[in-house]
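All ligand and atom numbering here is 1-based and tracks the order in the structure.
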Amino acid sequence: MNKIAQIFETLEYGPAPEAADQAIAWLDHHNRTFGHFIDGEWTAPGTTFTTENPATGEKLADITEGTPADIDLAVNAARAAFGPWSALSGYERGKYLYAIARAVQKHSRLFSVLETLDNGKPIRESRDIDIPLVARHFYHHAGWAQHLHREFPEHVPYGVCGQIIPWNFPLLMLAWKIAPALAAGNTVILKPAEFTSLTALLFAEICQRVGLPKGVVNIVTGQGETGQAIVAHPGIDKIAFTGSTEVGKAIRMATAGTGKGLSLELGGKSPYIVFEDADIDSAIEGLVDAIWFNQGQVCCAGSRLLVQESIEERFVTKLKKRMETLRVGDPLDKSVDIGAMVAPVQVERIRELMARGAAEGAVIYEPDNMTLPDAGCFLKPALVTNVSPANTLVAEEIFGPVLVAMSFRTPEEAVALANNTKYGLAATIWSENINLALDIAPNIKAGVVWINGTNNFDAAVGFGGYKESGFGREGGREGMSAYLKPKWEKDLQAAPPPRSVTPGDILGSGKLDQTAKMYIGGKQARPDSGYNRPVFDNTGLEIGEVGDGNRKDIRNAVEAARAALGWSTTSAHSRAQILYFLAENLDYRRNEFAARIKAQTGEDGADEVALAVERLFAFAGWADKYDGAVHNPPLRAIAAAMVEPLGVLGIVAPPSRPLLGSIALLAPALAMGNMVVLVPSAQSPLSITDLYQVIETSDVPSGVVNIVTGSSATLAKTLAEHDGVDGLWFAGDAQTSAMVEKASAGNLKQTWTSRGLYYDLADRRFEGDYFLGKATQVKNVWIPYGA
Ligand code: NDP
């Protein structure tokens, strides 16, 4: 047979290597040794560590280990640059972002090759996905810079942002962090991951080349300790972190009580659900992308295949066949599908996890028709079957080319399995029945849902997690707001100390024949402790008693709240009606409530009741208006940004304003569909224990509002530690606020704390999106179109 005929016979790929000479020349130009990029200049190299090409094990360069002194320098430079940078018009800042986008495009091949050399990802991906998305991100945010003053009136940048990124999408994660931060007027100190610093260093040169003012972007390289030094630095106003959930939790704890802004993009274990009516060939191709893109080192990798039982066998057989055709090898070869893992330690980790899974009964399939290169960090694609949800490979994020497969029978079972994880980053649904897919999407607890597609990303569409996948979004409007804060926050003053309570006689005065009970699951409840707390008026006279709530009462309340999940999917119109009704019934009893306020505080309560009624009206009005958007990313798809409630929200009301203090926080939470465990003012709880009668007569379903009285600090701690609580708002002193933030790290619940500052909740600024935003999270559902 002649050669061409042979090729047609075997259809073998020929080699298609990408030249690396320009990237190597760039490294050589720097003598393969790098200092940091601080204040627009390169520092002299310090103590260095080596970065290698994971495909060959060859050394690429020596990188400097950032010390606390380096971070100090960078923070000083960023602080000095902040004033002038934030004072520039949005148009001027936008022009710099535009220039960066253009420069990235102009040097895109150099960036792609360098990324592939340093990270091991196939050139096809760095060239066609990572770098174009980087440019797109800077373009998109150039526009935001210019329009911020209209879109986010009365908002200001945080100041100096510390940004820490992982190694799986080195330049793309840099873009996700730096573009919105700069658009908003912040200055940054960014630490790339130790394995993959090179494209960040090349990016520093782009900053020089476009004339970005000195100190606006500072790149400090280093390892975990350098990251820790950034997190701990008192001169940094906001930390934005992408990486593992473990380190994310450590950062949550380290920043607790500091007042630093925080956004966390963490790990995932995302379900890939295939229904029996799916276009199976497309679903298989999607799956290849979902789990073997970037060797599976993707936070949102579709690493858990859930396939409907009726097609399981057929699907798995086809999948195995497809796996045999994947090409593993030199990432610089343009026709390679799976490149090198980032480092030997990562290969080790994955092998260990697979051995554990196998010991627990998993069956692991790896195609035996492929040979791996002799050197370098390569792994075959793997498919894991015969697993239960408890298997290590199902429960743990593997961050490698390993897919675990399970089956389901009904849509309900698919949802239950999909949500059976501590993570909530992404999910994929394949079905030709769009009604079914759109019914499933809202039921999945994840920040991104792809229908009949996977791994779609765009700068205009927010990306980020639910649950232990973190909080905050990158991209789109939500991503922009993560780098801005209300202007008035800087003027907040310390809250006056709560009025001191005279302990009085421990048995109470005995003059009262009734003790106000708690309210749990739609019923009055006595405290589990069997203890009551006296309530005093402003003169120290005992005026009543309430239950002294404890851990068990909180547990019962959270259970009741979780059982009322239907509230989250009740139509916004119905929630609005119920809030209006609540307002009306409260208004009907205004004199009684005003008298109760006066009895507790000595102040005329009429205004406070009127404000509380007005606030309920305000949020009833918002219930069906604070909603999502439809984005038009540059592909044939729409992304529906759906505003969803957090879930079960703990609210610990401020000591002052016994009625409004609770209502101002409760109303936005309910309007957005959250179930609430409310701890009213510890000093003056009677306005809220009176409220349950109003709640009962207003058609609020049982369990939607639960009231537990007692010590604010004690109950806040229990709520913060409870894994069934999705968010916690605490209005009170700085010390307890810090405790709340720290204790919330367990399940990474979203928190808002007043940190001892006085938030005048009567102010109309709290009638709108301030708390609505905190009561919600955005899920982006991607829906492709086209026949
Ligand atoms: P790590 O959390 O180990 O590291 C992330 C970054 O944090 C690195 O720059 C790292 O430095 C630094 N770091 C490590 N320890 C600390 C510390 N104590 N304090 C501050 N910074 C620290 O994650 P990996 O780099 O191993 O990345 C993989 C993880 O990232 C996966 O779990 C993945 O799911 C997640 N990820 C999430 C994404 C998302 O958008 N949600 C996107 C991409 C990844 P060094 O490199 O030197 O260790």
Could you walk me through whether Asp458 and Arg136 pass the salt bridge (Lys or Arg N to Asp or Glu O under 4.0 Å) test, one step at a time?
CA-CA 8 Å; Asp458 184 52; Arg136 162 98 184 110; 2.5 Å; yes

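- Looking at ligand 1, you'll find an N or O of Glu194 within less than 3.5 Å of one of its N or O atoms.
- Put simply, the side chain of Gln750 reaches to within 4.5 Å of the side chain of Gln777, judged on heavy atoms.
- Polar contact with ligand 1: absent for Ile164 (N/O pair, distance under 3.5 Å).
- Under the salt bridge (charged side-chain N to carboxylate O under 4.0 Å, His left out) rule, Asp337 has a single partner from Lys380, Arg124, Lys121, which is Arg124.
- Judged by the shortest distance from any of its heavy atoms, Phe463 lies inside the 4.0 Å radius around the atoms of ligand 1.
- Near Gly227, the atoms of ligand 1 lying under 4.0 angstrom from a non-hydrogen atom of the residue are 19 (N), 20 (C), 21 (N).
- Near Leu425, meaning under 4.0 Å from any of its heavy atoms, are these atoms of ligand 1: 41 (N).
- Among all protein heavy atoms, the one lying closest to atom 42 (C) of ligand 1 is Cys299 SG, 3.0 Å.
- Residue-ligand proximity: Phe241 is placed with a non-hydrogen atom under 4.0 Å from ligand 1.
- Of the protein's non-hydrogen atoms, the one nearest atom 9 (O) of ligand 1 is Ile165 O, 2.7 Å.
- Contact analysis puts Gly222 in contact with ligand 1, with a non-hydrogen atom separation below 4.0 angstrom.
- Nearest protein heavy-atom neighbour of atom 16 (C) of ligand 1: Val247 CG1, 3.4 Å.
- Minimum heavy-atom separation, Leu174 to Ile165: N-CD1, 3.8 Å.
- Salt-bridge check for Asp237 with Arg79: passed, with a basic side-chain N closer than 4.0 Å to an acidic carboxylate O.
- The residues Lys779 and Glu644 are annotated as salt-bridged, a charged nitrogen and a carboxylate oxygen being separated by less than 4.0 angstrom.
- Taking distance alone, with nitrogen or oxygen atoms compared against 3.5 Å, Glu397 approaches ligand 1 more closely than that limit.
- With a 4.0 Å cut-off on non-hydrogen atoms, Gln297 does not touch ligand 1 at all.
- Close contacts of ligand 1 with Glu265, meaning ligand atoms under 4.0 Å from a residue heavy atom, involve 37 (C), 38 (C), 39 (C), 40 (O), 41 (N).
- Residue-ligand proximity, Pro166 to ligand 1, at heavy-atom distances under 4.0 Å covers atoms 25 (O), 27 (O), 43 (C), 44 (C).
- Among protein heavy atoms, atom 18 (N) of ligand 1 sits closest to Gln228 CG, 3.4 Å.
- Between Lys59 and Asp62, at least one side-chain nitrogen of the basic residue sits less than 4.0 Å from a carboxylate oxygen of the acidic one, meeting the salt-bridge criterion.
- In terms of protein heavy-atom proximity, atom 26 (O) of ligand 1 is closest to Trp167 NE1, 3.2 Å.
- Ranking protein heavy atoms by distance to atom 28 (C) of ligand 1, first place goes to Phe399 CE2, 3.5 Å.
- In summary, of the residues considered (Lys269, Lys749, Lys249), a side-chain hydrogen bond (donor to acceptor under 3.5 Å, both in side chains) with Glu468 occurs for Lys249 alone.
- Considering backbone and side-chain N/O atoms, Asn168 never comes within less than 3.5 Å of an N/O atom of ligand 1.
- An N or O contact shorter than 3.5 Å links Ser244 to ligand 1 by distance.
- Proximity of Leu266 to ligand 1, defined as any heavy-atom pair under 4.0 Å, is confined to the backbone N, CA, C and O atoms.
- Of the protein's heavy atoms, Gly224 CA, 3.7 Å lies nearest to atom 14 (C) of ligand 1.
- Using a 4.5 Å heavy-atom cutoff, the side chains of Trp430 and Ile451 are not in contact.
- Distances between N or O atoms of Gly243 and those of ligand 1 include at least one value under 3.5 Å.
- Ring pair Trp176/Phe463: centre-to-centre distance below 6.0 Å.
- At a threshold of 4.5 Å between non-hydrogen side-chain atoms, the residues Phe111 and Leu202 count as touching.
- Residue Lys191 has at least one N or O atom closer than 3.5 Å to an N or O atom of ligand 1.
- In this structure, Lys238 satisfies the cation-pi test against Tyr158, with its NZ or CZ atom closer than 6.0 Å to the six-membered ring centre and inside 45 degrees of the ring normal.
- By the 4.5 Å heavy-atom criterion applied to side chains, Glu125 and Asn294 are counted as neighbours.
- Between Phe49 and Phe195, the ring centre distance reaches or exceeds 6.0 Å.
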